[in-house]
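The structure appears right after this line, and notes come after that.
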Amino acid sequence: MRDAKLEPVEWYVAPAVTGWRGTSAAITASVVVGLALAACGGGSNQASSEPKGSFKVDVATAAFPTKQRLAQHTDMVITVRNAGTKPIPDIAVTITDANQGTGAQAFGEILDMPGLASASRPVWILDQAPCPANATDITKDGECAPVDNGVPQTGGPGGAVTAYSNTWAMGQLGAGRSATFKWGLTAVKAGVHVVRYQIAAGLNGKATAVYAGGQPLRGTFVVDIATASQQAYVNDAGRVVSDP
């Protein structure tokens, strides 16, 4: 598993409810979403309550396997740390397409074909999303604790998803504290694909995430998904194992 290629270019992430289409070149380090929240109702109140200022953030971990196979399950993990002395209002990560920004669904891409009701098609299926911001039982690996007699929480966008395009938020992050965003994914489209992510300190544009220790606030994963699917077999001990 390799760390992401980190890039020091600022970028902008637009809100989901506006149906915005953009490119990665149009992205800055803050998320401006007042209009979107107004469309949802009560946006001005949420925006006014967000503290204004800059908040130092370190990207402690950014990992996603660069070599994968069709039908293989992998984890994309991003751990951020509050490197400042004041709480971050709402630590968040947005997943974007290399060319279409948040125009494509998270972990998907735009299919250039006329007549489609939705041009966004998945490259990965989201098996498990980051835990909700108010989760009290999170494993050391950043997963939500199992529920319902030990059954893991799987499927859907997860409790940490927000109303903004491809964005998950963990809530307030205290000084010196860390938060782990972990997506469980299954590859469904072969080829070389690019996934980008954006770190934000708030969802309303008043709290701005800034560099700490030189780390940029966005990064890129370039992943080669092979056509051959991962093979599984039962070993001598009776356990189901997968080829590396």
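- Once rounded to the nearest 0.5 Å, the distance linking OG1 of Thr79 with CG of Asp58 reads 11.5 Å.
- Nearest heavy atom pair, residue Val80 against residue Leu173, reads O-CD2, 4.2 Å.
- Between Pro89 and Phe55, some side-chain heavy-atom pair lies under the 4.5 Å cut-off.
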- [ ] Dump the intermediate steps for side-chain contact (heavy atoms from CB on, under 4.5 Å) on His193 and Ile225, then the final yes or no.
- [x] CA-CA 8 Å; His193 304 279; Ile225 301 175; 3.8 Å; yes

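- Looking at Thr186 and Asp127, their side chains do bring a donor and an acceptor atom within 3.5 Å of each other.
- In terms of modelled atom types and a separation under 3.5 Å, the side chain of Glu109 and the main chain of Val123 share no donor-acceptor contact.
- How far CD1 of Ile95 is from CD1 of Ile78: 5.0 Å, rounded to the nearest 0.5 Å.
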TODO: List the steps, then state whether side-chain contact (heavy atoms from CB on, under 4.5 Å) holds for Ile199 with Val59.
DONE: CA-CA 9 Å; Ile199 310 297; Val59 181; 4.2 Å; yes

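- When every heavy atom of Lys67 is checked against every heavy atom of Asp224, the shortest pair comes out as NZ-OD2, 3.4 Å.
- Judged by distance alone, with hydrogens and angles left aside, the side-chain atoms of Asn82 form a donor-acceptor pair with the main-chain N or O of Gly174 at under 3.5 Å.
- In Lys86, the NZ atom is crowded: over 12 heavy atoms of neighbouring residues, nucleotides or ligands sit closer than 6.0 Å.
- To the nearest 0.5 angstrom, Asp90 atom CG is 9.0 Å from Gln172 atom CD.
- Contact between Trp124 and Val188 at its shortest, heavy atoms only, is N-CG2, 4.1 Å.
- Looking at every heavy atom in both residues, Ala209 comes nearest to Leu217 through O-CD1, 2.8 Å.
- You'll find the side chain of Ile125 stays beyond 4.5 Å of the side chain of Leu185, heavy atoms only.
- Aromatic rings from Phe181 and Tyr197 are positioned such that their centres are separated by 6.0 Å or more.
- Here the CZ atom belonging to Arg177 is positioned 12.5 Å from the CZ atom belonging to Arg81, to the nearest 0.5 angstrom.
- Ile88 places a side-chain heavy atom less than 4.5 Å from the side chain of Val57.
- Remark: Arg69 CZ to Thr74 OG1 distance equals 12.5 Å, nearest 0.5 Å.
- Residues Ala104 and Asp97 approach most closely at CB-CB, 3.9 Å, considering heavy atoms.
- Under the 6.0 Å cut-off for aromatic ring centres, Trp183 and Trp168 qualify, their centroids lying closer than that.
- Residues Thr167 and Val93 fail the side-chain proximity criterion, which asks for heavy atoms closer than 4.5 Å.
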Open item on the list: Before you tell me yes or no, could you show the steps for Val222 and Thr66 under side-chain contact (heavy atoms from CB on, under 4.5 Å), namely the whole-Å CA-CA distance, both residues' side-chain angles and the distance that decides it to 0.1 Å?
Closed with: CA-CA 6 Å; Val222 179; Thr66 58; over 6 Å; no

TODO: Determine, stepwise, if the pair Val194 / Thr220 fulfils side-chain contact (heavy atoms from CB on, under 4.5 Å).
DONE: CA-CA 7 Å; Val194 178; Thr220 301; 3.4 Å; yes

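- Contact detail for Pro122 and Lys189: the closest heavy-atom pair is O-CB, 4.2 Å.
- Taking 4.5 Å as the limit, every side-chain heavy atom of Lys182 sits out of range of all side-chain heavy atoms of Met76.
- Separating the CD atom in Gln105 from the OG1 atom in Thr96 is a distance of 13.5 Å, to the nearest 0.5 Å.
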